[in-house]
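For reference, the structure discussed in these notes is given below.
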Amino acid sequence: MQLNIPPSIGNLSNLSWLDLSDNKLQGPIPVSNETAPSLDRLKNAKHFHLADNHLSGDIRSELFRSDMTLIHVIFNNNQLSGNIPSSIGLVSTLQALRLDSNSLDGIVPQNITNLKSFSKLYLSNNKLSGHVPNLTGMVSLFYVDMSNNSFDASYIPTWFTELPSLTTL
């Protein structure tokens, strides 16, 4: 029996914390369509915790909007694929992003640096490529893990020294 995330959760307009971690959920992360609301409608939610499941498919760009108040997006240890959507950079309240241990590929969107309250970034154990993203200006960032990807070979970027709060790299 396949257990999917029910799109009808999008009807819970006052929901502030969505934690469905470690539940053997499968299938895609649902977004709204013409007939049914879904997770992208949870603009009052502060937490999307979907870690340690069997979720698959792309993280759709429609999932993130500028009017959301998310502070945690925790999608690690799934089977998600495709690119990291640039729409994640629209959620100005975001403080922590865990996409580690999936099968994400492509580049890290540069507009992630729009997230000025950002403190934790976990992107390890994916198939990300291109240049290591320039995180200059993310003054609250103290934890970054981008290990075990396929970034272009380069020297250690000098902007690492411009992150005053960085404690773990």
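Worth saying up front: this structure is predicted, and the values here are computed from it rather than measured. Residue numbers run from 1 in the order of the sequence given.
- The backbone N or O of L104 lies less than 3.5 Å from a partner atom in the side chain of N126, making a donor-acceptor pair.
- In the hydrophobic clustering (ILVMFWY side chains linked at under 4.5 Å, chained through shared members), Y122 is joined by F142, Y143.
- By the 4.5 Å heavy-atom criterion applied to side chains, I84 and I59 are not counted as neighbours.
- In this model, no donor atom of one side chain and acceptor atom of the other lie less than 3.5 Å apart for D40 and S38.
- Pairs passing the salt bridge (Lys or Arg N to Asp or Glu O under 4.0 Å) check and including a residue from residues 5-17, sequence neighbours excluded, do not occur.
- F151 is linked by a ring-ring contact (aromatic ring centres under 6.0 Å, His included) to nothing, counting only residues two or more places apart in sequence or in another chain.
- Under the rule for a ring-ring contact (aromatic ring centres under 6.0 Å, His included), F48 has no partner lying at least two apart in sequence or in another chain.
- Residue pairs that meet the side chain to side chain donor-acceptor pair (under 3.5 Å) test with at least one member in residues 50-65, sequence neighbours left out, are D52-N77, R60-E62, R65-D67.
- For V144 against L135, the heavy-atom pair with the smallest separation is CG2-CD1, 4.2 Å.
- Applying the side chain to side chain donor-acceptor pair (under 3.5 Å) definition to pairs two or more places apart or across chains, none involves residues 111-120.
- Taking hydrophobic clusters as Ile, Leu, Val, Met, Phe, Trp and Tyr residues chained together by side-chain heavy-atom distances below 4.5 Å, L15 shares a cluster with L63.
- Distance alone, capped at 3.5 Å, is enough to place a donor-acceptor pair between the N78 side chain and the N76 backbone.
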